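Please read all numbers here as calculations on a predicted model, not as lab measurements. Numbering starts at 1 and runs along the sequence shown.
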Amino acid sequence: MKVLIVDDEKHVREAIRYFVPWEKHHITDIYEATNGQEAMQIMQEHQPAIVFTDMRMPLMDGAELLEWLHTHYPNTKTIVISGYQDFNYVKPAIVFGGTDYLLKPLNSKQLIAAAEHAFKLWLDEEEGRQQAQRKNMQLNVLRPLYWDKVLSDLVAGQASFQELKHSLSEELGMPLFAAECRIAVISLQGADCRLLQRFHGDVGLTSFVLANVCNEVLAPKQIGFAFRSWQRGANLVLLFWAAVRETEVELGRINESIRQTYGVQMDMGLSLPAAFPEGLQTAFYQAGQGLNERNLLQREGRIHLYREHSEESGPARDYASEAQLDKLRVAVLSGDLDKMERVVDEWSDLLSGLPLLTESRFLQLQQEIVEVLKRWRPDEEISLDICYDSEGLFSVENWQDQFKAVIQRLSKGNTQAPDSQLVEEIRQYLHQNYARDMTLQHIAERFFISRENVSRKFKQITGENLSDYLTGLRVDKAKTLLQNTNLRLSQISELVGYEDEKYFSRVFKKSTGQTPREYRKQGESL
């Protein structure tokens, strides 16, 4: 806490300095001024919390100073010291919030009591201000999550629009009498595109960043809002309540913004126009279907409009025929790796020649393939992903390579040692839960082994201490957030598992040689 004494009489300033027990209240910074003008300069430079001021001074008197303080530093506590009881001197102290009015010559007990009263008032109010600030910070952090949940429930028919419409209007800019809407969705599940890779496969973080990019485009016109979905089938939902006929144009602008920022574009499913709000559920379903029924072989156009009737033709269905699956069954039962790979090559050629290959039908195909392989190796973990190229487009060649890698692994059997499997499971658990309070004991209990075994096995398999691995993982996540978001350091430290911002900064500097702020500044200059 800082204090300013304003009086043109030196002996008065010295008396205040002498009588008030500053050390008892941990006050070390005490400034002096001989008139109101000097006091203004000191206030602007140092912002003292408590001001003792005379009323009659040259250049600027106490009344003018009190009015200026009341306007520019309303939280400051003022104690007026004057040689006059005239109401014209007392009035400014009352009007502009003075805590006490003391008469000269000063009485030491009255001075000390007035000072301690002002100190207590300021400290109590400061605590209230800090509590309000902490509450606002929490609200600011939670607000995006709140709208994610509320809007997810709204489009799923699990929330009342009538209860939300005024909040939607005030906070998101939705017109109160909007009559029409459209919905677009983006799914990141399984999309091995560069954007997801940039965020280390973290779907939640990628969705958060994408929502921010979308809303930067949508906010100026207040035509809609993007939010992270809590419903299955989409990671990001864009709700349009205005300019519905121009929605495809706006989605094109959003995709261009994503391309300029991250060098990729995203596939988006788009509904038909629907009545608002009663058509929200239908629009959400249609947008998901538009995405699921998109042609994976299409190389141009990333906005996929819902169509009421599937255009999938007869020949397009033949790629998953029972005859083709029979070839795979025979090949895997024979145990002949070359024969299995020839089936994969034949299937890949067939896929490449199709005019239409929808995601939903292709996922069904992959499930049928996995079921065949599981009959061969029932104890193995088997999965096939929809493989994408560096632009986020489906790649038959990458899928072919993945398929061959799976059957090669299965043909050799599972050669991974139990300890390697355990360590891999621990690593996956750390990647999924790095933001939580993580202790060695917690991990040991989670995997039903002793703390000593956790450390020893992890070091044996990876060559790295588990704690160092977790620290490196958290620092990598922090780097991503520092480079790609405007979140405060306190928020980033919490998101990567550190409650104490100062401790997070020390860990980050020890790992990288730079403080988080230096790292962010360096990224901005590149």
Side-chain angles (χ1 to χ4, degrees), residues 143-188 195 204 206-231 233-262 264-291 294 301-306 485:
R143 191 168 299 280
L145 294 176
Y146 167 78
W147 283 115
D148 291 344
K149 178 65 168 66
V150 166
L151 291 172
S152 295
D153 288 346
L154 185 63
V155 301
Q158 298 169 359
S160 168
F161 174 74
Q162 294 303 320
E163 295 177 1
L164 294 170
K165 67 178 182 179
H166 289 290
S167 296
L168 288 166
S169 178
E170 292 172 5
E171 297 202 34
L172 304 184
M174 183 207 74
L176 283 174
F177 302 103
E180 203 171 27
C181 69
R182 290 181 87 172
I183 287 179
V185 300
I186 298 174
S187 175
L188 299 171
L195 182 58
T206 307
S207 300
F208 173 80
V209 171
L210 274 179
N212 286 341
V213 174
C214 293
N215 285 324
E216 284 179 4
V217 176
L218 297 174
K221 295 183 180 180
Q222 293 189 328
I223 58 175
F225 187 77
F227 58 94
R228 290 169 291 175
S229 176
W230 289 42
Q231 305 297 331
N235 298 109
L236 191 72
V237 177
L238 295 90
L239 169 59
F240 293 86
W241 51 65
V244 168
R245 304 301 169 183
E246 291 78 41
T247 300
E248 292 181 57
V249 175
E250 297 301 328
L251 290 177
R253 291 178 60 230
I254 288 171
N255 236 343
E256 178 59 20
S257 181
I258 296 171
R259 186 194 66 78
Q260 290 179 0
T261 306
Y262 298 108
V264 299
Q265 291 192 327
M266 308 302 299
D267 284 297
M268 304 179 182
L270 177 62
S271 76
L272 301 173
F276 187 70
E278 56 268 26
L280 281 171
Q281 286 179 265
T282 299
F284 179 65
Y285 167 79
Q286 290 181 351
Q289 285 297 103
L291 192 61
R294 72 186 187 277
R302 308 304 291 266
I303 300 169
H304 309 282
L305 184 63
Y306 169 76
T485 73

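Residue Ser229 comes nearest to Phe284 through the heavy atom pair OG-CZ, 4.5 Å, listed as atom of the first residue, atom of the second, then distance. The minimum heavy-atom distance linking Ile303 with Glu248 is given by the pair CD1-O, 3.6 Å. In plain terms, the two heavy atoms of Cys181 and Ala275 that are nearest each other are SG-O, 4.0 Å. Closest heavy-atom contact between Ile183 and Val155: CD1-CG1, 3.8 Å. The shortest non-hydrogen separation linking Ala159 to Leu164 is CB-CD1, 4.1 Å.
Applying the 6.0 Å contact sphere to CD of Glu163 captures no more than 12 heavy atoms from other residues, nucleotides or ligands.
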How far apart are the C-alpha atoms of Arg259 and Glu256, what are their side-chain angles, what is the distance that settles it, and do they pass the salt bridge (charged side-chain N to carboxylate O under 4.0 Å, His left out) test?
CA-CA 5 Å; Arg259 186 194 66 78; Glu256 178 59 20; 2.4 Å; yes
side-chain contact (heavy atoms from CB on, under 4.5 Å) between Asn255 and Met266, worked out:
CA-CA 7 Å; Asn255 236 343; Met266 308 302 299; 4.0 Å; yes
List the steps and the verdict of side-chain contact (heavy atoms from CB on, under 4.5 Å) for Val237 and Leu151.
CA-CA 9 Å; Val237 177; Leu151 291 172; over 6 Å; no
Criterion side-chain contact (heavy atoms from CB on, under 4.5 Å) on Phe276 and Val244, from CA distance to verdict:
CA-CA 11 Å; Phe276 187 70; Val244 168; over 6 Å; no
Could you walk me through whether Leu168 and Phe225 pass side-chain contact (heavy atoms from CB on, under 4.5 Å), step by step?
CA-CA 10 Å; Leu168 288 166; Phe225 187 77; over 6 Å; no
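The shortest distance between side-chain heavy atoms of Thr247 and Leu238 does not fall below 4.5 Å. Between Leu154 and Pro277 the shortest side-chain heavy-atom distance does not fall below 4.5 Å. You'll find the side chain of Arg228 reaches within 4.5 Å of the side chain of Leu145, heavy atoms only. Residues Leu172 and Phe227 are not in side-chain contact: their nearest non-hydrogen atoms beyond the backbone lie 4.5 Å or more apart. By the 4.5 Å heavy-atom criterion applied to side chains, Ser271 and Phe240 are not counted as neighbours.
Here the straight-line distance linking atom CD of Glu246 with atom CZ of Arg253 works out to 11.5 Å at 0.5 Å rounding. The CG atom of Asp153 sits 11.5 Å away from the OG atom of Ser160 when rounded to the nearest 0.5 Å. If you take CG on Leu270 and OH on Tyr306, they are separated by 12.5 Å, rounding to the nearest 0.5 Å. How far CD1 of Ile254 is from SG of Cys214: 4.5 Å, rounded to the nearest 0.5 Å. Going from atom CH2 of Trp241 over to atom CD of Gln222 covers 8.0 Å, rounded to the nearest 0.5 Å. Taking CE from Met174 and NE2 from His166, the interatomic distance works out to 9.0 Å, rounded to the nearest 0.5 Å.
Listed for the Asn235 side chain is no donor-acceptor partner under 3.5 Å among the backbone atoms of Gly204. Within the 3.5 Å criterion, the main-chain N or O of Lys165 finds no donor-acceptor partner in the side chain of Ser169. Judged by distance alone, the side chain of Gln286 and the main-chain N or O of Leu272 form a donor-acceptor pair under 3.5 Å. With hydrogens and angles ignored, the 3.5 Å screen pairs a side-chain donor or acceptor of Asn215 with a backbone N or O of Ala226.
Applying the salt bridge (charged side-chain N to carboxylate O under 4.0 Å, His left out) test to residues at least two apart or on different chains, the pairs with a partner in residues 208-221 are Lys221-Glu250.
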